[in-house]
Amino acid sequence: MNQSIYFIGMSKNCFPNLKNNINYLIKYKQFSNFNINICIVDSDSVDGTKKFCKNLVTNKDIDSLIEIDNLENSHPSRIERLSISRNKGLEYIKKKIDNSGIYVPMDMDLDLFSLTDFSELEKLIENFIDSDSDGLFPYSTPYYYDIFALRKKGWVGGNNLLISNKLKNRFLIFSFVFNYVFIFRQQKHIKAFNEEKIRVLSAFGGIGLYKIYNDTLTDAKYDVSKKEIDFYSEHIFFNAHFNNLFISPKWNIESPAEYTFFKSYNYFNKWIYFLKTLKNDLKNIYLKFKNLFTLTS
């Protein structure tokens, strides 16, 4: 097959998972019938990532390392830094692409491939190319975690993280309730869907497949919300340039524990978490009124 697949990974101080993901891709490159191109876009890593990737480029195991350093000094927002890095990846593809290809954005801090063997990934890409899908994303198992980038009517139709944050700032107490209603409850178990493909307006989940063409790279870019820069996913802007986007329940990555911790708690630990958040809410209320009385006295 002459189709080119561009694996573009974002990294920052995530060496263990990055190493595992890259080693997988290097072996997959030898297995696959596709033309595999691997590029890492690194921002400010100090954990050995740069040296590791530079050696791989020298040995021609991967194709490129793009270094974007000192981003934190000039761009305090994580979402803005990610947008800049992801757009650098698109610029890299634009220089390489010959009419069309498959773009695979990756967050290298996640374990992306432990649930997918080489033949499964090859078949996944083959089926995607032959399908009417413009974009395809995995379902993190057992719970879908990335509601930040998700937009699907009847599931997450708006910016739930922003709504939760605004309510917590307004009411100061019972932050757990807002987290539960707008975040935890929306992290659905994989068994909640029986569809072969779940149509969405936007999604991500650490990795994705996109069909791209020369004109796609002219228009499609990652961006940030000027009003709510830290609460609006850069993927929302990028996905708006594609029509047929789906999540596949058959393509799985492990749910990151730091995002789905509450879903894995037993009943007792959920109560402990609730009490801890309540204690923290009361502490913040106390500090706020203390500061208010200090200023007025």
Side-chain angles (χ1 to χ4, degrees), residues 12-18 20-21 47 76-79 82 107-115 137-152 154-194 198 200 203-207 228-233 235 247 249 252-294:
K12 181 184 175 183
N13 293 329
C14 56
F15 185 71
N17 276 340
L18 174 134
N20 290 337
N21 291 331
D47 63 347
S77 168
R78 174 178 174 272
I79 303 303
L82 279 171
D107 286 348
M108 301 303 275
D109 60 330
L110 300 180
D111 175 9
L112 298 174
F113 301 108
S114 64
L115 302 181
F137 312 100
Y139 202 109
S140 54
T141 182
Y143 303 102
Y144 191 85
Y145 83 94
D146 190 9
I147 66 167
F148 188 42
L150 180 65
R151 295 292 185 274
K152 174 176 170 54
W155 187 358
V156 175
N159 197 334
N160 281 23
L161 271 71
L162 177 61
I163 295 170
S164 175
N165 186 67
K166 285 185 174 180
L167 288 171
K168 286 187 287 187
N169 287 337
R170 180 177 179 181
F171 293 101
L172 299 181
I173 198 167
F174 296 130
S175 61
F176 166 82
V177 174
F178 303 125
N179 284 339
Y180 177 78
V181 170
F182 293 100
I183 301 173
F184 302 148
R185 193 175 64 173
Q186 309 308 325
Q187 295 174 329
K188 297 182 181 296
H189 196 282
I190 192 170
K191 293 180 180 178
F193 295 92
N194 296 318
I198 305 165
V200 295
F204 186 55
I207 188 171
E228 306 290 353
I229 192 168
D230 290 314
F231 289 94
Y232 202 94
S233 172
H235 297 287
I247 294 172
N252 302 137
I253 69 168
E254 291 185 358
S255 303
E258 62 269 30
Y259 294 108
T260 57
F261 64 92
F262 183 79
K263 304 291 288 189
S264 64
Y265 282 172
N266 59 31
Y267 186 76
F268 175 77
N269 286 331
K270 286 179 179 179
W271 267 105
I272 295 297
Y273 176 78
F274 165 71
L275 293 174
K276 284 182 177 179
T277 59
L278 182 60
K279 178 182 177 182
N280 190 60
D281 291 343
L282 294 172
K283 178 181 177 182
N284 289 335
I285 292 172
Y286 168 76
L287 292 174
K288 182 171 183 177
F289 279 96
K290 180 181 178 181
N291 291 336
L292 181 64
F293 286 128
T294 300

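Given the structure is predicted, the values throughout are model-derived calculations rather than measurements.
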**Student:** Check whether any side-chain heavy atom of Tyr144 lies under 4.5 Å from a side-chain heavy atom of Phe193, and answer yes or no.
**Tutor:** no

**Student:** Is it true that atom CZ of Phe174 has more than 12 heavy atoms of other residues, nucleotides or ligands lying nearer than 6.0 Å?
**Tutor:**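 12 or below, so no.
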
**Student:** If you round to the nearest 0.5 Å, how far is CD of Gln187 from CD1 of Ile147?
**Tutor:**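 Ile147 CD1 to Gln187 CD: 6.0 Å, rounded to 0.5 Å.
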
**Student:** Treating Ser140 as the side-chain partner and Tyr145 as the backbone partner, does any N or O pair qualify as donor plus acceptor under 3.5 Å?
**Tutor:**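 Answer holds: yes.
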
**Student:** Are Asn159 and Tyr232 close enough that some pair of their side-chain heavy atoms sits under 4.5 Å apart?
**Tutor:**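 Yes; the side chains approach each other to less than 4.5 Å.
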
**Student:** Just wondering, do Asp146 and Phe137 contact through their side chains at under 4.5 Å, heavy atoms?
**Tutor:**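 They are not in contact (no side-chain heavy atoms under 4.5 Å apart), so the answer is no.
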
**Student:** To the nearest 0.5 Å, what is the distance between CD1 on Ile79 and CZ on Phe148?
**Tutor:**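 Here the interatomic distance stands at 4.0 Å.
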
**Student:** Between Phe261 and Tyr265 (judged by ring centroids, cut-off 6.0 Å), do the two rings come close enough to count as a pair?
**Tutor:**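 Under 6.0 Å, so yes.
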
**Student:** With a 4.5 Å limit on heavy-atom distance, are the side chains of Leu282 and Ile173 in contact?
**Tutor:**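 Heavy-atom side-chain distance check passes, below 4.5 Å.
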
**Student:** Minimum heavy-atom separation for Ile253 to Gly205, with atom names?
**Tutor:** CD1-O, 3.1 Å

**Student:** Using atom types as modelled and distance alone, determine if a side-chain donor or acceptor of Asn17 lies under 3.5 Å from a backbone N or O of Met108.
**Tutor:** no

**Student:** With rounding to the nearest 0.5 Å, note down the distance linking OH in Tyr267 to CD1 in Ile272.
**Tutor:**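 Rounded to the nearest 0.5 Å, the OH-CD1 separation comes out at 11.5 Å.
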
**Student:** For residues Pro142 and Ser255, report the shortest heavy-atom separation together with the two atoms involved.
**Tutor:** N-OG, 3.5 Å

**Student:** If you define the side chain from C-beta out and look only at heavy atoms, does anything of Lys288 sit under 4.5 Å from Asn284?
**Tutor:**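 Counting from C-beta outward, Lys288 and Asn284 never come under 4.5 Å.
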
**Student:** Distance to the ring centre below 6.0 angstrom and angle to the axis at most 45 degrees; does that hold for Lys263 and Phe184?
**Tutor:** no

**Student:** Looking at residues at least two apart in the chain, or sitting in another chain, which of them share a salt bridge (charged side-chain N to carboxylate O under 4.0 Å, His left out) with Lys276?
**Tutor:**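 Residues passing salt bridge (charged side-chain N to carboxylate O under 4.0 Å, His left out) with Lys276: none at all.
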
**Student:** Do Tyr180 and Thr277 pass the side-chain contact (heavy atoms from CB on, under 4.5 Å) test, and can you show the C-alpha distance, the side-chain angles, and the key distance before you say yes or no?
**Tutor:** CA-CA 12 Å; Tyr180 177 78; Thr277 59; over 6 Å; no

**Student:** Would you say the ring centroid of Trp271 lies under 6.0 angstrom from that of Phe268?
**Tutor:** no

**Student:** Is there a side-chain contact (heavy atoms from CB on, under 4.5 Å) between Tyr273 and Asn269 once you walk through the steps?
**Tutor:** CA-CA 6 Å; Tyr273 176 78; Asn269 286 331; over 6 Å; no

**Student:** Is the Phe262-Phe176 ring centre distance short of 6.0 angstrom?
**Tutor:** yes

**Student:** Show me, pair by pair, the donor-acceptor contacts under 3.5 angstrom made by side chains of residues 162-171, not counting sequence neighbours?
**Tutor:**
unit_1 : atom_1 : unit_2 : atom_2 : d
Ser164 : OG     : Asn179 : OD1    : 3.3
Lys168 : NZ     : Asn179 : OD1    : 2.9
Asn169 : ND2    : Asn165 : O      : 3.3

**Student:** Quick one: are Asp111 and Asn20 in side-chain contact, heavy atoms under 4.5 Å?
**Tutor:** no

**Student:** I'd like to know if the side chain of Asp47 and the backbone of Phe15 have a donor-acceptor N/O pair within less than 3.5 Å.
**Tutor:** yes

**Student:** Does Asp281 use its side chain to pair, donor to acceptor, with the backbone of Ser175 at less than 3.5 Å?
**Tutor:**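 Confirmed, Asp281 side chain pairs with Ser175 backbone.
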
